[in-house]
Visitor: 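Quick one: the structure is below, questions incoming.
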Amino acid sequence: MLGQMQDHPLLISTLIDFAARHHHEAQIVSRRVEGDLHRYTYADAAKRSRRVANALDRLGVAFGDRVATLAWNGYRHLELYFGITGSGRVVHTINPRLLPEQIAWIANHAEDQVVCFDMTFLPIVKGIWSHCKTVKHWVALCDADKLPADTGIANLVSYEALLAAEAETYDWPQFDERSAAALCYTSGTTGNPKGALYSHRSTMLHAFAGALPDSLGVSARDSILPVVPMFHVNAWGIPYGAAMTGAKLVFPGAALDGKSVYELMESEQVTMAAGVPTVWLGLLNHMAQHGLKFSTMKRTVIGGSACPPAMIKTFHDDFGVTVVHAWGMTEMSPLGTVNTLKQHQLALPVEQQLDIMAKQGRAVFGVEMKIVDPDGNELPWDGQHSGDLLVKGPWIISSYFKGEGGDPLVDGWFPTGDVAAIDADGFLQITDRSKDVIKSGGEWISSIDVENIAMAHPAVAMAACIAVPHPKWDERPLLVVMKKPGAQATAADILAHFEGRIAKWQIPDDVAFVDAIPLGATGKMQKNKLREQFKGHALPGA
């Protein structure tokens with residue numbers, strides 16, 4: 001016997017309609033590429049999203065066709081999110097930090113029909129447009145009078161000119177909720193990038209999960225600054241969750257330096273922010289140098305890579321801000337776990353609470369996870385055993401776009417490539433990426449543990465722990481350090497900091513100082529480049 005409820009498909013168009021009707025006054029503030037602040041409401045965004053849909057109809061973009069974006073976080077990008085998907089097309093967010101040849105390859109693989117780009121990326125577009133075989137239209141996200149006349153790009157139009165010709169009324173089509181909605185490619189550290197194709201259903205369920213109190217806790221009382229880019233796993237789903245709840249959105253555009261981010265937080269009374277650790281490093285350094293405090297900030301969601309405990313403690317102790325540690329992947333839309341304490345943990349001393357908060361958190365409803373040994377046997381959740389982390393759920397990938405890489409699943413589970421432990425309360429702790437773990441004399445050393453200890457040293461701005469060959473122990477850890485501006489420290493100083501904090505055999509054999517640690521397109525440390533750079537490094541006593 002079936003239930004007798006109405007059957008309405010879970011479609012992304014319902015989000016912007018809901019926001020426009022029930023939170024029409026809620027603001028969306030954007031720092032534009034032009035340098036000024038743009039301010040309007042969800043009601044305005046809904047009207048312009050419908051103009052986008054009408055424009056795509058007029059351009060002849062078919063249902064299911066891919067429309068790409070090369071854009072910063074801003075109101076125009078948000079309109080594209082809803083106008084493209086709401087009308088049945090697929091929004092394909094491309095990471096502009098990739099190499100131009102990678103961007104062209106991705107656009108061709110996705111068979112993009114239209115590419116919409118911020119003027120910041122005009123030089124990239126000039127270099128790749130003739131190599132993008134399927135793209136019929138190039139749309140510059142600017143006013144008509146800001147569009148250069150001599151770009152050489154065929155079929156180029158201004159976004160504002162395109163929208164000006166369209167009506168702001170549009171009947172969103174109804175279709176199967178399993179239809180494709182958004183396409184995001186992995187950063188492709190090995191081989192070509194692979195596409196994760198999200199559906200309307202998966203995106204809507206993910207938005208519900210993200211808004212839960214024990215998840216990101218998004219609400220109409222929040223002013224949210226997503227520093228995590230909209231071209232990186234759809235800004236962790238925050239644009240959808242914000243529309244679902246009516247939260248104010250504050251978009252930083254291209255200005256991601258500490259000073260710009262802090263000023264925007266204060267002027268727009270931001271209560272919640274989200275981004276990778278490297279962004280917050282710049283913000284905290286700026287605030288420390290100028291003796292600044294937050295007036296409204298309550299919590300920041302940190303993911304993308306492990307957040308050093310020292311950063312969590314600084315936010316908590318110095319600024320009264322709760323760090324919500326989270327973990328996920330492009331293949332997971334990306335939400336997997338979020339670190340919010342349980343009731344019985346609230347009575348623990350603050351230091352013990354901070355230790356728990358350094359973990360990646362608990363699975364949100366909809367995500368199942370397990371850890372297994374090399375033979376595939378499931379390991380206990382005791383916080384001690386660590387193994388390969390596998391996940392499954394309704395917003396987790398079943399196969400890559402166009403079947404690239406074959407079937408990624410193992411008995412219905414997606415192997416994340418992470419090595420992790422899970423404690424009795426269900427809190428996940430990533431101990432390493434499987435390709436980054438260090439095996440010394442048959443024993444595993446967690447590079448993340450080593451990096452977290454190093455980051456607590458007052459002279460260390462960033463630290464990466466990598467394996468280098470050793471004639472006796474097979475591999476030994478080398479710590480690569482970028483010092484804070486003006487800081488003085490020797491290798492001996494850094495290594496002495498590890499005494500009593502980690503087993504002696506886990507302490508790095510040496511420290512190499514660098515001016516900068518290479519970061520990938522999503523802000524993660526590129527350890528593969530460091531391993532190549534230091535592959536001939538001679539360790540003391542080796």
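Predicted model only: the values in this text are computed from it and were never measured. Residues take their numbers from the sequence shown, with the count starting at 1. Side chains are part of it too, since the values below use all heavy atoms of this structure and drop only hydrogens, waters and symmetry mates.
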Visitor: Are His206 and Tyr198 close enough that their ring centres sit under 6.0 Å apart?
Guide: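 Aromatic pair excluded; centres sit 6.0 Å or further apart.
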
Visitor: Is any NZ, NE, NH1 or NH2 atom of the basic residue among Arg58 and Glu166 found under 4.0 Å from an Asp or Glu carboxylate oxygen of the other?
Guide: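 Yes.
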
Visitor: For Phe319, does the six-membered ring have the charged nitrogen or CZ of Lys293 within the cation-pi criterion, i.e. under 6.0 angstrom from the centroid and within 45° of the normal?
Guide: yes

Visitor: Parallel, tilted or perpendicular: which one describes the rings of Tyr185 and His109, with boundaries at 30° and 60°?
Guide: perpendicular

Visitor: Kindly indicate, with the supporting measurements, whether the criterion side chain to side chain contact (heavy atoms under 4.5 Å, CB included) is fulfilled by Ser13 and Phe82.
Guide: CA-CA 6 Å; Ser13 57; Phe82 290 110; over 6 Å; no

Visitor: Taking only Lys NZ, Arg NE, NH1 and NH2, and the carboxylate oxygens of Asp or Glu, determine whether Glu25 and Lys248 approach each other closer than 4.0 Å.
Guide: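 Result for this pair is no, no salt bridge flagged.
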
Visitor: Give the intermediate values and the outcome of side chain to side chain contact (heavy atoms under 4.5 Å, CB included) for residues Val67 and Leu80.
Guide: CA-CA 9 Å; Val67 178; Leu80 291 168; 5.5 Å; no

Visitor: Closest heavy-atom contact between Ser158 and Val139?
Guide: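 Answer, listing the atom of Ser158 first, then Val139: C-CG1, 4.4 Å.
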
Visitor: Are Gln269 and Ser295 linked by a side-chain donor-acceptor pair shorter than 3.5 Å?
Guide: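 Not at all, the side chains of Gln269 and Ser295 share no donor-acceptor pair under 3.5 Å.
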
Visitor: For Lys483, I'd like to know if atom NZ has over 12 heavy atoms of other residues, nucleotides or ligands within 6.0 Å.
Guide: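 For Lys483, atom NZ is crowded (more than 12 foreign heavy atoms under 6.0 Å).
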
Visitor: Give a yes or no on whether a salt bridge exists between Arg89 and Asp57, defined as a side-chain N under 4.0 angstrom from a carboxylate O.
Guide: yes

Visitor: Are Met357 and Lys313 close enough that some pair of their side-chain heavy atoms sits under 4.5 Å apart?
Guide: no

Visitor: If you measure from the Lys or Arg side-chain nitrogens to the Asp or Glu carboxylate oxygens, is any gap between Lys402 and Glu111 under 4.0 Å?
Guide: yes

Visitor: Side chain of Asp257, backbone of Ser260: donor and acceptor closer than 3.5 Å?
Guide: yes

Visitor: Could you tell me whether Tyr40 and His38 have their ring centroids closer than 6.0 angstrom?
Guide: yes

Visitor: Looking at Gln360 and Ile430, would you say the former's side chain and the latter's main chain have a donor-acceptor pair under 3.5 Å?
Guide: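 Judged by distance alone, yes, a pair lies under 3.5 Å.
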
Visitor: Would you check, one step at a time, whether the test salt bridge (Lys or Arg N to Asp or Glu O under 4.0 Å) holds for Arg76 with Glu34?
Guide: CA-CA 13 Å; Arg76 289 169 175 147; Glu34 294 89 331; 3.3 Å; yes

Visitor: Just how far is it from atom CZ of Arg48 to atom CG of Leu163, taken to the nearest 0.5 Å?
Guide: 5.5 Å

Visitor: Can you give me the closest heavy-atom contact between Gly83 and Leu56, atom names plus distance?
Guide: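 Taking Gly83 first and Leu56 second, the nearest heavy atoms are O-CD1, 4.3 Å.
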
Visitor: Could you report the tightest heavy-atom contact between Ala181 and Ser199, atom names first, then the distance?
Guide: CB-C, 3.8 Å

Visitor: List in chain and number order the residues that pass salt bridge (charged side-chain N to carboxylate O under 4.0 Å, His left out) with Arg201, two or more places apart in sequence or in another chain; answer none if no residue qualifies.
Guide: Glu177

Visitor: For the backbone of Trp138 and the side chain of Asn155, can you confirm whether one donor and one acceptor N or O come within less than 3.5 Å of each other?
Guide: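 No: the side chain of Asn155 does not pair with the backbone of Trp138.
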
Visitor: Could you give the distance from CG (Leu183) to CD1 (Ile106), rounded to the nearest 0.5 Å?
Guide: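 Taking CG in Leu183 and CD1 in Ile106, the distance rounds to 9.0 Å.
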
Visitor: Got a salt bridge between Asp17 and Arg50, using NZ or NE/NH1/NH2 to carboxylate O under 4.0 Å?
Guide: yes

Visitor: Roughly how far apart are Asp222 CG and Ile224 CD1, rounded to 0.5 Å?
Guide: 5.0 Å

Visitor: For the residue pair Met272 and Ser223, establish whether any side-chain heavy-atom pair is separated by less than 4.5 Å.
Guide: no

Visitor: Assert yes or no for the condition that the ring centre distance of Trp72 to Phe121 is strictly below 6.0 Å.
Guide: yes

Visitor: Could you give me the CA-CA distance, side-chain angles and deciding distance for Phe251 and His77, then say whether ring pair (Phe, Tyr, Trp, His ring centres under 6.0 Å) is met?
Guide: CA-CA 10 Å; Phe251 290 126; His77 206 171; 8.5 Å; no

Visitor: For the side chain of Thr322 and the backbone of Arg299, is there at least one donor-acceptor N/O pair under 3.5 Å apart?
Guide: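 Between the backbone of Arg299 and the side chain of Thr322 there is no qualifying donor-acceptor contact (under 3.5 Å).
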
Visitor: May I ask you to test the Leu70-Ile103 pair for a side-chain heavy-atom distance under 4.5 Å?
Guide: yes

Visitor: Taking Trp395's backbone N and O only, do any of them form a donor-acceptor pair with Ser333's side chain (distance below 3.5 Å, no angle check)?
Guide: yes

Visitor: Side chains of His137 and Leu162: does their closest heavy-atom pair fall under 4.5 Å?
Guide: no

Visitor: Is it true that, when you exclude Asp36 itself, more than 12 heavy atoms of the residues, nucleotides or ligands shown sit nearer than 6.0 Å to its CG?
Guide: yes

Visitor: Can you tell me how far CD1 of Ile448 sits from SG of Cys307, rounded to the nearest 0.5 angstrom?
Guide: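 One gets 11.5 Å once the value is rounded to the nearest 0.5 Å.
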
Visitor: Between Lys527 and Ser447, is the side-chain hydrogen bond (donor to acceptor under 3.5 Å, both in side chains) condition met? List the steps.
Guide: CA-CA 11 Å; Lys527 292 188 180 181; Ser447 66; 2.9 Å; yes

Visitor: With a 4.5 Å heavy-atom cut-off, do Val218 and Leu212 have their side chains touching?
Guide: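 The answer is no; the side chains never approach within 4.5 Å.
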
Visitor: Rounded at 0.5 Å granularity, tell me how far NE2 in His325 sits from CG in Leu428.
Guide: 10.0 Å

Visitor: Kindly say whether Asp418 contributes a backbone atom to a donor-acceptor pair with the side chain of Thr416 at under 3.5 angstrom?
Guide: yes

Visitor: Yes or no on side chain to side chain contact (heavy atoms under 4.5 Å, CB included) for Leu264 and Val270, after CA distance, side-chain angles and deciding distance?
Guide: CA-CA 8 Å; Leu264 199 57; Val270 168; 5.9 Å; no

Visitor: So does Thr271 get a backbone contact from the side chain of Thr296, meaning a donor-acceptor N/O pair under 3.5 Å?
Guide: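 No; judged by distance alone, with no hydrogens or angles, the pair does not exist.
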
Visitor: Is the closest side-chain donor-acceptor distance between Gln27 and Tyr42 under 3.5 Å?
Guide: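 No donor-acceptor contact under 3.5 Å links the two side chains.
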
Visitor: Return the OG1 to CD1 distance between Thr14 and Ile16, rounded to the nearest 0.5 Å.
Guide: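 Taking OG1 in Thr14 and CD1 in Ile16, the distance rounds to 10.5 Å.
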
Visitor: Side-chain contact test, heavy atoms from C-beta onward, threshold under 4.5 Å: evaluate it for Leu281 versus Met311 and give yes or no.
Guide: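 A side-chain contact exists here, since the closest heavy-atom pair is under 4.5 Å.
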
Visitor: Under the side-chain hydrogen bond (donor to acceptor under 3.5 Å, both in side chains) rule, what do Thr69 and His92 come out as? Steps first, then yes or no, please.
Guide: CA-CA 6 Å; Thr69 65; His92 172 207; over 6 Å; no

Visitor: Can you list the steps and then say if Tyr75 with Arg39 is a side-chain hydrogen bond (donor to acceptor under 3.5 Å, both in side chains)?
Guide: CA-CA 9 Å; Tyr75 69 103; Arg39 189 183 306 271; over 6 Å; no

Visitor: Does the pair Trp236 and Leu335 meet the rule for a side chain to side chain contact (heavy atoms under 4.5 Å, CB included), with working shown?
Guide: CA-CA 7 Å; Trp236 300 346; Leu335 199 58; over 6 Å; no

Visitor: For Phe401, is the NZ or CZ atom of Lys194 found under 6.0 angstrom from the centre of its six-membered ring and inside 45 degrees of the ring axis?
Guide: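 Judged by the rule, Lys194 and Phe401 form no cation-pi pair.
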
Visitor: State whether the side chain of Asn234 and the backbone N or O of Ala182 hold a donor-acceptor pair below 3.5 Å, judged by distance alone.
Guide: no

Visitor: Determine whether more than 12 heavy atoms belonging to other residues, nucleotides or ligands lie under 6.0 Å from atom NZ of Lys529.
Guide: no

Visitor: Which pair of heavy atoms, one from Ala196 and one from Glu331, lies closest together, and at what distance?
Guide: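 Of all heavy-atom pairs spanning Ala196 and Glu331, the closest is CB-CA, 4.5 Å.
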
Visitor: Can a salt bridge be assigned to the pair Arg362 and Asp214 using a cut-off of 4.0 Å between side-chain N and carboxylate O?
Guide: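 Between Asp214 and Arg362 there is a salt bridge, with a charged N closer than 4.0 Å to a carboxylate O.
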
Visitor: Considering the options Leu249, Leu225, Asn73, which one meets the side chain to side chain contact (heavy atoms under 4.5 Å, CB included) requirement together with Ile238?
Guide: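 Option passing the side chain to side chain contact (heavy atoms under 4.5 Å, CB included) with Ile238: Leu249.
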
Visitor: Ring centres of Tyr81 and Tyr240 under 6.0 Å apart?
Guide: yes

